[in-house]
Structure formats: structure tokens, C-alpha cells
There are 4 protein chains.
Amino acid sequence: MKHTDVETLFANNIETANLSKKQRSVLKASLTLFAKQGYENTSTLDIARLAGVSEGTVFKHFKTKEGLLQAVLNPFIHDIFPRVADEFLTALHQNPFDDFDSFLKYAVRDRMAYAMDNRQEMKIFIQQMVKDPSIMTKLTDRLAHLLQGGVDSLFHDYKQKGQLVDWDSMRIVRMVSGVIVGYLIPNIIMSDQPLDVDKTTDEVCEFLLDGLRPRN
Amino acid sequence: MKHTDVETLFANNIETANLSKKQRSVLKASLTLFAKQGYENTSTLDIARLAGVSEGTVFKHFKTKEGLLQAVLNPFIHDIFPRVADEFLTALHQNPFDDFDSFLKYAVRDRMAYAMDNRQEMKIFIQQMVKDPSIMTKLTDRLAHLLQGGVDSLFHDYKQKGQLVDWDSMRIVRMVSGVIVGYLIPNIIMSDQPLDVDKTTDEVCEFLLDGLRPRN
Amino acid sequence: MKHTDVETLFANNIETANLSKKQRSVLKASLTLFAKQGYENTSTLDIARLAGVSEGTVFKHFKTKEGLLQAVLNPFIHDIFPRVADEFLTALHQNPFDDFDSFLKYAVRDRMAYAMDNRQEMKIFIQQMVKDPSIMTKLTDRLAHLLQGGVDSLFHDYKQKGQLVDWDSMRIVRMVSGVIVGYLIPNIIMSDQPLDVDKTTDEVCEFLLDGLRPRN
Amino acid sequence: MKHTDVETLFANNIETANLSKKQRSVLKASLTLFAKQGYENTSTLDIARLAGVSEGTVFKHFKTKEGLLQAVLNPFIHDIFPRVADEFLTALHQNPFDDFDSFLKYAVRDRMAYAMDNRQEMKIFIQQMVKDPSIMTKLTDRLAHLLQGGVDSLFHDYKQKGQLVDWDSMRIVRMVSGVIVGYLIPNIIMSDQPLDVDKTTDEVCEFLLDGLRPRN
DNA sequence: GATGAATGAGCATTCATTCAT
DNA sequence: AATGAATGAATGCTCATTCAT
């Protein structure tokens, strides 16, 4: 069960679909350069050159450099992340795990691997979030809304079976993602040292499982 | 037991000490503006104006804008953060807690409050780390080194008493700080919504304590 | 006796006649925009949008933006203004006035009303003349040629009857139009305050007829 | 009795006084180029080159290209034109003329010569007025205010002596300047054909004094 | 040490014009 | 004929940095 990586989704994105070949290459060049050197340190000329187009072309469709950034980030917020979340929830529903331990391990490993596969893209997101918090709000709102329904039913059985603490589902999600984020962010940012997904998953889960064990 | 805030430490900082009044005001203006609008979006003229000096003065001592950034960040890495860590460890040693629960609650609340008190300064750090990972490496190396000795002796008793899982001390530190970081970063960045430190501390500790409970 | 306004003449103009519907709409859009925001501040994209055509279409027929301007101005010089002048002279000949006073009042009121009715179009002309004096030369040459014959016969009788000073006809024309221009230009340019044509006509004529010499 | 020309006044202008040598040369270059090729067709690089400075220098003091235009025009509105008007009124008061004929001839010739001497500067003014009518409003308001008091006393005697029609003084001023403007504007704009000031003065005055009514 | 005028390379953006479809 | 994507030169403007005073 392999997840689709962001780049593929990006290429097929609905908003991206009606762009010409050149405009798509502008978008891709922006993604690459923003990730590598940051938004502010990337000039529109850099983008044009990497995309193999004229500078005018960069502005013809995207109007401003900021518009280009939005065009890079929006698919993530409105399409890719939600789709990924959905894909993930579906996968979880289709492969039911007998116990919460296996479930958690699968989930953590999967999302961690996902993030590792898409480091570059994550980095832009993190960089922009640090500057413009509204992006983060938009994204978390959107994801919260998406997960709200899905996770309740997922967690319900495990709670019944006494394998999972009877907390509000979103609190559990926050804890788990908090720990993962605390682990991943330093790694994503210092991108030269990739993470050992298996080892980290084991460590994280051992810790999470005892934290999430039901109180007797 | 109140911690000293970063700004006071900053003013008294050893590297900062031998600067003239004007140069110090340049440094302070940089801190303020970098925090508010980011490094790239702050011009040296902005800094000069806020500091009440000429543009030439900004460069007289600090050579380049990058030098100004380093002058702002270095005290944190080499002086302020270590001193804060030391202050914290000392406090912990001086106020011994009978059980790990009380200890953890104190520690978490204290560091959380500390971060909340110095949001602005943290924000520059986060922003720069995202762009220049080496800053993070430098900082974590330095802190790791500082804590290594200190925490071992702190945790030893609790481990003996069967109140704390017998993991490597740094793994415990990483877990705890991971959870805290996962909680704080979103809040620091979206600085308009301050965090309820007490409530969050309780939530975080409830979770951490079961995760860190020794295995039978 | 109502004069035809410039827009109607423009639409029926001989040079304009063999244009396609789209090209005509390009020309009309140019007229509107040049008048409203000036030639330099109007982009060919603005024109294309207002005309409801593509940018390519704008250039298909008119070759350059300058060509577009010429296409807008030429009808005025070669067709519309002369036709208007002719229409005016004819009207004067057909409605002979017994005395020069009545004649002058009619003429002044008519041309003044004409200019007021076509402010927008006048404005482009004025703006362009200021930049490219050759337009003015072309126009004045053309009008001078047209009036030369016509006015002589018109003025002759009045001069004979001792109602009009015996100056060269063109000097009289120049004086009269000078005074009118001095009155109108400020008003056309500051288009928000329309002029009271009747009142102004009376003032201007009183002055033109008696000058500054006191009435006995 | 020779009037001071605009360029000299411009150089000594109070607002202009505290500019550095280079900034003054930027201002002078702007004046020259705006007059020669119009505001829109003059690039800031053109100005920099003619002024013999870097492009940055152009913006250091004047902030924007529009600011440069204002810096060129403002002295005219706030300083030069008023000073010229004052100088003119004073001169008229100091050299009393026995009859209105001599007075008018002197005044017309003087202002006409003044305008001819400063064609280039006038041209910018006219060009800008055509685009931004508010400039004209500002100027006319200012001049009207200045003349209001002065001309009344000047005209009073001539009116008493029966040499000047008993109209409102401003109406007389408007008529006279209207005729002069009607004569001058075409000439200023088509700057290659300078005007014969003496001949034109005679023509204009003859007309102004007696109107179109035949001499008995 | 401090000043601030000057620099000039760099940047985002605009726009008339072209051309393949 | 019409389209509109693409072009690339040009433009107004910014900013870190230098240096004469």
C-alpha cells in the first residue's frame, strides 16, 4: 500500500490542470527554488531561467510573485493535503488492524514516510507558515474538519476494546501529531540528515502507546 | 522562583557589554524588527531609523547585515540559552521534588511559561532556523552538551524509585521537548492567541506521565 | 438647427467604414480610454479588454499603438472637423443674420455648445497636441484653408455695413477663437464643472464687440 | 525694468535651497527632460544620466518619479509664479501710466515676453495641467488670491478717468489673460516658431482696447 | 566615532509586439 | 480573421554598502 507522492499529485492537480506547458514549468521551478533557497531569496529571473521561459511569462499568468507563491501553496491546502488525508483514512478503514498497537505503528510509519518523501515541499510550507501564520490556520482548520468525522469511528472500537484511552479523539490526534511534528520538523529543516523511519517509528510508538494506554 | 527574561539577559550579555550606547540601540532595534517583520523584510534603514542613528553607524561595527543577524543570534546560542538552561537546572536541583510527577509538572510549566514570555525572540530563532539549519545544529549541540551531565543525576533518583522509565536520559528529554515543541510552535507562530499555560501543562503532563511510566 | 455630434460622425467616418465590427470596437475603445486616462496611461490590453477582443486583434489592423492613435485622430483632422466646419459655414450662409451682433452670438454659442458636447474627444486632442505639436499644425493648416474662402464672403457684408472692423478675416477669426479657446480650455480640462454656455456667450460677445473701451 | 527669469528663480528657490549639488542637478535634469520629451516619456535613468548621478540618487531624495515632478512643479505654484506676479504688480505700481492704453501695452508685452523667455518651463506646466487638472485649480486659486487685492486699486483710476470699462476687475483680468493664453498656448507648444512679441502685443492690444467694433 | 549622501547592482513588474494555432 | 500565450526590453524602485566630511 504505497501512497502517491506530492509531486505526482501536484502535477495532476485540478487547478494546475488548465495551465499551459510553460506555465506548469514555471510552477514547478518555483516549487523547486522556493524549497531550496526560500521565497525571498528566489528572484523571478531565477524562476524564469530554471523554467526555460521569459520573465514576462512568469507574470502573464501568476500576476505577481506572491501570486506564484499562492499558486504553489494553494493546491497543498485545498487539494493535495486533504486528498492525502482522505487516502490515508480510507487505507486505515480498508485494512483494519486487530489491535491499536499495530494500527498506530502503521499510521505513524506511513505519515512519517510520507513527510520524508516530500521534504522539499514540506519545507516551503514550514518556511511560509513561520512568516504568514494565516496559512497554518487555513491548513489546520481544513484538516481538522476533514479528520473530525473519520477518526471518531476509527478510534471507537479500540476505545471499546480497552486498548485506547477514552479521550476526545482530536486530543489524541493532537498528541500523536505533536510528537511526530516535534520529531520531524528538526529533521525536515536540516535536510541533509535523513531520518531512519523504522527506528524512529518504534521509538515514537513505544512512547505514545504508554501515553495513550487507558487509565485503569 | 521567577526566571529572568531574555531581554534583560540580552541587555546584560557579555558580548554586548563592550558596545557603545548607539551600537546597543542598533542591536536592540534589529532584534525588534527581525522579530516583527522577519530578517529579509527588514531594511538596514529601518533599523537605523528605529535605533535613532545613521545608516553608516549600523555598518560601522557590524560590517554587514548578516553580521547584525549573527550579533543578534549569537548571544542566544552562546550565552542566553545556556544561562537559562543552567538557571533552570540549578532551580531544579535546589527544589527537589519527592515524585517525578511534581517534578515534570514544574519543569514543563516553567519552560512553557518561559517560551511564552519570550515569544518575539523565539520567533526570530524559528524563522532563521527554518532558513539556516546550521543555527539549529549549533544550538542543539550546545544544549545537549549542557544537559547531558545535569539531567542524568536529576533523573537517576526517579528511575531508582521506579517512577520513571529506564530510558537513556536524552531520549526522555527529546520526548518531553518534542511534545512541548509540537504544542508551542504553532502557538508561537500564530502569536495573537496566547496559550493557557496551566491547562496545557496539565494536558501535556497527563500524557507524558503515562508514556514515561516504567514498564512492568 | 442641431449639429451632429462627433461620436456619430466618427462612427460613420469614411476611413472607419471598411473596418470589421471588432476593429471598429477597438477604435471606439481607444477613443474612450485615451480620453479618460491619456494615451500613455492606456495599455493595449486595456483597449483589447474594453473592446472585447484579443490583444492580437488590436494589432492586426492597426500595426502599432501609435497607429491606433493616428486612426483615432486622423478622422478628426481629415474628416470630422472639416465636415463640422463646413456644416457650420453652410448653416451660417443659409441663415443670414441682419447684423453682426446676432451673427456673432449665434456662431459663438454654436461652437461653444459643440465643444461642450464633445469634451472627451477634445481632451484627447488637446493632450496630444501638447505632446506632438505637428498635430496642431496639421489641424490649423487644414481649418485655415477651409475657412479662408468661406469667411471672407461672410464677413464682407458686415464690414460694408460698418458693423465689423475692417481687418483681415483670418485675424478676426484668430481673435474670436483665441478668446473662446482661452475660455474653454480650462473648462474642458477640468471637466467636472460644466460651463453655462448662454451666460458665457453673452460675456464673451459683449467683450468681443466692444473690447475694454467704456461704453459711452 | 527686466524681469528675473524662471531658471534663476528656480535655482534660488527656498525649497530647493537645502538640496545638495547633485540633488539640484537631478532637479534641473528633470526640468529639462520633462519639458523636452514629457513626463511619461522621460525615464528615471534618462534623468540620472543627464544629471551625472546614479539612479539611486534620483530616488534618495525625491522618493518617487511623481515626487520628482512635484518637486519640479511646486516651486512654480508656491513660489515662482506668485513672486513673479508680485514683482509684476509692484512694477506696475511703481511705474504709473497716465492712460490705460500705455498701461495695458506695458503689461501685455511684459507678460508675453516673460512667457516666451520661459517656454520650456511653461510647457511642462501645460502638459501636466492637461493630465492633472488639479494643478491648474491650485495655481489659479493661488494667483486669483494674489491678484484680487492688487488689481482693484490699479484699475480704479483708469475706470474713474473713463478709460476702462466698469466691469469687475477679475472679469477684465480673465478676458485679457484669455486672449493672451489663446495667443500663446499654440505658440508655446509649437516651440520652434518663436513669436514676435512687439507685433503680437500691438495686435492684441488693439483688439483688447476696441474689440471688433469698427473705429469711427 | 558618527553621519548621510551617493552608489549601482538587483528586483518585481509592465507592455507593445509577435506568431503559432 | 482572430486568438492569446509568449516574449524581452524597459522601467520605477529598493537596498546593502561605501566614503568623504
Side-chain angles (χ1 to χ4, degrees), chain A residues 19-23 25-26 40-48 51-68, chain B residues 19-23 26 39-49 51-69, chain C residues 19-23 26 39-49 51-69, chain D residues 19-23 25-26 40-48 51-68:
Chain A
L19 290 180
S20 75
K21 201 169 184 171
K22 299 223 169 191
Q23 294 298 356
S25 108
V26 167
E40 327 258 7
N41 297 322
T42 302
S43 78
T44 51
L45 183 60
D46 287 344
I47 294 170
V53 303
S54 78
E55 250 195 298
T57 301
V58 173
F59 286 88
K60 190 72 178 197
H61 185 86
F62 301 100
K63 309 300 182 203
T64 65
K65 194 187 170 192
E66 166 73 20
L68 204 39
Chain B
L19 288 179
S20 74
K21 198 168 182 171
K22 298 221 170 193
Q23 295 298 355
V26 167
Y39 174 75
E40 327 259 4
N41 295 324
T42 302
S43 77
T44 51
L45 182 60
D46 287 343
I47 294 171
R49 277 208 261 255
V53 302
S54 75
E55 268 198 277
T57 302
V58 173
F59 285 86
K60 195 71 179 189
H61 184 85
F62 302 100
K63 307 302 183 204
T64 67
K65 192 188 172 190
E66 168 71 20
L68 206 38
L69 178 65
Chain C
L19 289 180
S20 74
K21 197 168 185 173
K22 297 221 173 196
Q23 295 299 356
V26 167
Y39 174 74
E40 327 259 5
N41 295 323
T42 301
S43 77
T44 51
L45 183 59
D46 288 343
I47 294 170
R49 275 207 263 258
V53 303
S54 76
E55 267 198 278
T57 301
V58 173
F59 285 86
K60 194 69 179 193
H61 184 86
F62 302 98
K63 307 302 182 208
T64 67
K65 193 188 171 192
E66 168 71 20
L68 205 38
L69 177 64
Chain D
L19 289 180
S20 74
K21 201 169 181 170
K22 298 222 173 193
Q23 295 298 353
S25 105
V26 167
E40 327 259 3
N41 295 325
T42 302
S43 79
T44 52
L45 183 59
D46 288 344
I47 293 170
V53 302
S54 78
E55 245 195 302
T57 301
V58 173
F59 287 89
K60 190 73 176 199
H61 184 86
F62 302 100
K63 308 303 181 203
T64 65
K65 192 187 171 191
E66 166 73 20
L68 204 40

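Naming: A, B, ... by sequence-line order, numbering from 1 per chain. Just the heavy atoms: all of them, side chains too, but no hydrogens, waters or symmetry mates, feed the values below.
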For [N], does OP1 or OP2 lie under 4.0 Å from any side-chain N or O of [X]?
| X | N | answer |
| --- | --- | --- |
| A/Ser54 | F/dA9 | no |
| B/Gln23 | E/dA2 | yes |
| A/Ser43 | E/dG10 | no |
| B/Lys21 | E/dG1 | no |
| A/Thr57 | F/dT7 | yes |
| D/Ser20 | E/dA6 | yes |

In whole angstrom, what separates [X]'s [atom1] from [N]'s [atom2]?
| X | N | atom1 | atom2 | value |
| --- | --- | --- | --- | --- |
| D/Ile47 | F/dC13 | CD1 | C1' | 13 Å |
| C/Glu40 | F/dA10 | CD | P | 17 Å |
| B/Asp46 | F/dT14 | CG | C1' | 11 Å |
| D/Lys22 | E/dG8 | NZ | C1' | 12 Å |
| D/Leu45 | E/dG10 | CG | C1' | 14 Å |
| D/Asn41 | F/dA10 | CG | C1' | 13 Å |
| D/His61 | F/dC13 | NE2 | P | 15 Å |
| D/Phe62 | F/dT14 | CZ | P | 15 Å |

For B/Lys22, which residues count as a salt bridge (Lys or Arg N to Asp or Glu O under 4.0 Å) partner, sequence neighbours excluded?
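Salt bridge (Lys or Arg N to Asp or Glu O under 4.0 Å) list for B/Lys22, sorted by chain: empty.
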
Measuring from atom OG of B/Ser54 to atom NZ of B/Lys60, what distance do you get when rounded to the nearest 0.5 angstrom?
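The OG atom of B/Ser54 sits 9.5 Å away from the NZ atom of B/Lys60.
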
side-chain contact (heavy atoms from CB on, under 4.5 Å) between A/Glu55 and A/Ile47: does it pass, once the steps are laid out?
CA-CA 8 Å; A/Glu55 250 195 298; A/Ile47 294 170; over 6 Å; no

Pairs under 3.5 angstrom, nitrogen or oxygen only, protein versus nucleotides 17-19 of chain F, please.
residue : atom : partner : partner atom : Å
F/dT17  : OP2  : B/Lys65 : N            : 2.8
F/dT17  : O4   : B/Glu55 : OE2          : 3.4

Quick one: closest heavy-atom pair of [X] and [Y], and the distance?
| X | Y | answer |
| --- | --- | --- |
| A/Gln23 | A/Phe62 | OE1-CE1, 3.2 Å |
| A/Val58 | A/Leu68 | CG1-CD2, 3.7 Å |
| C/Phe59 | C/Thr44 | CZ-CG2, 3.5 Å |

Under the side-chain contact (heavy atoms from CB on, under 4.5 Å) criterion, do D/His61 and D/Leu19 qualify, and how do the steps go?
CA-CA 9 Å; D/His61 184 86; D/Leu19 289 180; 3.0 Å; yes

Find the bend of the helix from E/dA2-F/dT21 to E/dT21-F/dA2 as the angle between its two terminal axes (five pairs each), to the nearest 10°.
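That helix gives 10° between its end axes.
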
Would you classify C/Val58 as touching base, sugar-phosphate or nothing, given that sugar-phosphate means primed atoms plus P, OP1 and OP2, and contacts are heavy atoms under 4.0 Å?
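If one applies the 4.0 Å heavy-atom cut-off, C/Val58 turns out to touch nothing in the nucleic acid.
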
Is a side-chain donor or acceptor of D/Lys65 paired with a backbone partner of D/Thr42 at a separation under 3.5 angstrom?
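Yes; judged by distance alone, with no hydrogens or angles, the pair exists.
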
